Engineer: 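Below are the structure tokens for one structure; questions will follow.
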There are 2 protein chains.
Amino acid sequence: MAGRRPGQTQTRDDILAAARNQFGQRGYNGATIRGIAAEAGVNPALVHHFFGTKDQVFVAALNVPVNPAVMVELITQGPRDNIGERILGLFLGLWRAPETRQTFLALIRSVANNEQVAGLMRQFLEQTVVGPVSKALDLPPLRLTGAASQAFGLAMARYVLAVEPLASATDDEVIALYGPVFQYYFTA
Amino acid sequence: MAGRRPGQTQTRDDILAAARNQFGQRGYNGATIRGIAAEAGVNPALVHHFFGTKDQVFVAALNVPVNPAVMVELITQGPRDNIGERILGLFLGLWRAPETRQTFLALIRSVANNEQVAGLMRQFLEQTVVGPVSKALDLPPLRLTGAASQAFGLAMARYVLAVEPLASATDDEVIALYGPVFQYYFTA
DNA sequence: GTCTATAATCGGATAGAC
DNA sequence: GTCTATCCGATTATAGAC
């Protein structure tokens, strides 16, 4: 934490930022090392130099400081009667912060076109989300996949497709619209 | 309708079927003319010969006999108190038929990674679905984008991600789970 | 640390022979 | 109708100079 590190740091971070943006805009398949390098203002070979293969660049770019286990904790701990609104609050907050927003966009776009990423996401949902939350809240797993599907659809419609009037709605309007739905999914 | 047409037809249809499958599995960006030709067992040049550019192949492959206006009619006409289940029945039926299933898969995968397709989908939803249905049923447009988002999310989770236990659930279980949600979106 | 050069593929599209 | 041959561009990745 004391003193700044020499040279390298800046370029490396530039590449990482460019990667997050490119993967977010185009997904794994659509983004290119060359595109990332161009946006970062460096040579394509440098991207490989710092992060290795495209796979590894992807992992590095998406390694954002959001701990899923903590999120699950936050959700399962609080009062049950407003769990829908609480989840939406967390969700919308993550979509408001640029870093997590880019991460989520990248994941959605990649899941839709890349079998490998889709496999990872499926595993993550089944093992880290649906399983634990189902036990913690004593809900049928099917209910939680319902909630997950609505979260996916909301992200898709509001942030990827940007269909109106949903895209321009305020966060409060979104909470009012989707609150009852998530409350339903989390009520036995 | 009387008598069968000569030669050409078979190969042309083979290419079209292969195109539907490839676009469904990989989306617009991921599918290749060469991949389509290989699956159809023909030369890549033939694909161009019959359908022109990749854009035109895409349009031809997705030109499936589903009239959106008719679907909207079906939904807005019937009784209001079971509209959720009726929509789900139509929806699941379309995902059961191979041709429409491939079409929908292609659209979802392409929307997520292709700005042009996303634009078309956005326009379609706003002008052909949300607008008309909102007027016909006297519902706020925002409600209908909510329903659309849930439809997208259901398709994504069940058919693209195939997350369990949703992917293996029966249609009846899906109707039981999502029925109340769609009913909510379609109730003022 | 940064870049040039290049290998090895793969992509869409076209011209033109048969 | 069907295919061979080919153009031209873009991609990931590596080797190695400076």
Side-chain angles (χ1 to χ4, degrees), chain A residues 3-62 106 109-110 112-117 120, chain B residues 3-62 106 109-110 112-117 120:
Chain A
R4 73 158 183 262
R5 296 189 214 79
Q8 166 193 13
T9 313
Q10 184 55 44
T11 304
R12 199 189 139 95
D13 288 353
D14 286 352
I15 293 174
L16 212 52
R20 253 192 288 273
N21 188 38
Q22 286 292 312
F23 282 125
Q25 286 192 13
R26 307 177 195 273
Y28 179 86
N29 293 347
T32 66
I33 299 285
R34 289 163 129 84
I36 292 167
E39 184 178 325
V42 302
N43 190 279
L46 260 191
V47 180
H48 286 127
H49 175 67
F50 281 117
F51 299 101
T53 69
K54 188 178 175 183
D55 281 39
Q56 296 172 307
V57 180
F58 187 69
V59 170
L62 266 55
R109 296 200 142 109
S110 303
N113 281 262
N114 187 290
E115 197 48 53
Q116 204 181 346
V117 178
L120 291 175
Chain B
R4 74 159 181 261
R5 296 190 213 78
Q8 167 194 12
T9 313
Q10 184 56 43
T11 304
R12 201 189 137 95
D13 289 353
D14 287 350
I15 293 174
L16 213 52
R20 253 192 288 272
N21 188 38
Q22 287 291 313
F23 283 124
Q25 286 193 13
R26 307 175 196 273
Y28 179 86
N29 294 348
T32 66
I33 299 285
R34 289 163 133 87
I36 292 168
E39 183 178 325
V42 303
N43 190 280
L46 262 190
V47 180
H48 285 128
H49 175 67
F50 282 118
F51 300 101
T53 68
K54 189 179 175 182
D55 281 39
Q56 296 172 308
V57 180
F58 186 71
V59 170
L62 266 52
R109 297 199 142 109
S110 303
N113 280 262
N114 188 291
E115 198 48 54
Q116 205 181 345
V117 178
L120 290 175

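Bear in mind that the values here come from a model prediction, so they are computed numbers and not experimental data.
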Engineer: Of the nucleotides C/dG12, C/dC3, D/dG1, which has the atom closest to the B/Ile33 side chain?
Structural biologist: C/dG12
Engineer: What's the closest nucleotide to the A/Thr32 side chain, out of D/dT4, D/dT11, C/dA13?
Structural biologist: D/dT11
Engineer: Let me know the distance between CG of B/Asp14 and C1' of D/dG1, rounded to the nearest Å.
Structural biologist: 14 Å
Engineer: I'd like to know if the side chain of A/Ser110 reaches the main chain of A/Gly27, judged simply by a donor and an acceptor atom lying under 3.5 Å from each other, with no hydrogens or angles considered.
Structural biologist: no
Engineer: Taking B/Asn113 for its side chain and A/Arg109 for its backbone only, find out whether a donor-acceptor pair lies under 3.5 Å.
Structural biologist: yes
Engineer: OP1, OP2 of D/dT2 versus side-chain N and O of B/Thr11: anything below 4.0 Å?
Structural biologist: yes
Engineer: Of the options D/dA15, D/dA13, D/dC3, whose atoms approach the side-chain atoms of A/Thr53 most closely?
Structural biologist: D/dA13
Engineer: A/Asn43 CG to D/dA15 P: how many Å, rounded?
Structural biologist: 16 Å
Engineer: Among D/dA13, C/dG12, D/dC3, which nucleotide has an atom closest to any side-chain atom of B/Lys54?
Structural biologist: C/dG12
Engineer: Can you check the A/Phe51 CZ to D/dT14 P distance for me, whole Å?
Structural biologist: 16 Å
Engineer: Looking at D/dC3, C/dT4, C/dA13, which one has an atom nearest to any side-chain atom of B/Arg34?
Structural biologist: C/dA13
Engineer: Within this structure, what is the CD-to-C1' distance between A/Gln10 and C/dT2, rounded to whole angstrom?
Structural biologist: 15 Å
Engineer: Quick check for you: among D/dT11, C/dC3, C/dA13, whose closest atom lies nearest to any side-chain atom of A/Leu46?
Structural biologist: C/dC3
Engineer: Kindly point out which of C/dT2, C/dA13, D/dT2 is positioned nearest to the side chain of B/His49?
Structural biologist: D/dT2
Engineer: Could you give the NE2-to-C1' distance, from A/His48 to C/dT6, as a whole number of Å?
Structural biologist: 14 Å
Engineer: Hey, can you tell me if B/Tyr28 and B/Phe23 have their rings parallel, tilted or perpendicular (30° and 60° cut-offs)?
Structural biologist: parallel
Engineer: CD1 of B/Ile36 versus C1' of C/dG12: gap in Å, rounded?
Structural biologist: 11 Å
Engineer: Let me know the distance between CZ of A/Arg26 and P of D/dA10, rounded to the nearest Å.
Structural biologist: 13 Å
Engineer: Remember a base hit wins even if backbone is also touched, and classify A/Ala37 as base, sugar-phosphate or nothing at under 4.0 Å, heavy atoms.
Structural biologist: nothing
Engineer: Rounded off to whole Å, could you give me the CD1-to-C1' distance for the A/Ile15 and C/dT2 pair?
Structural biologist: 10 Å
Engineer: Looking only at atom types and distance, does a side-chain atom of B/Lys54 sit under 3.5 Å from a main-chain N or O of B/Ala31, one as donor and one as acceptor?
Structural biologist: yes
Engineer: Give a yes or no on whether the backbone of B/Thr53 and the side-chain of B/Gln56 come within a donor-acceptor separation of less than 3.5 Å.
Structural biologist: yes
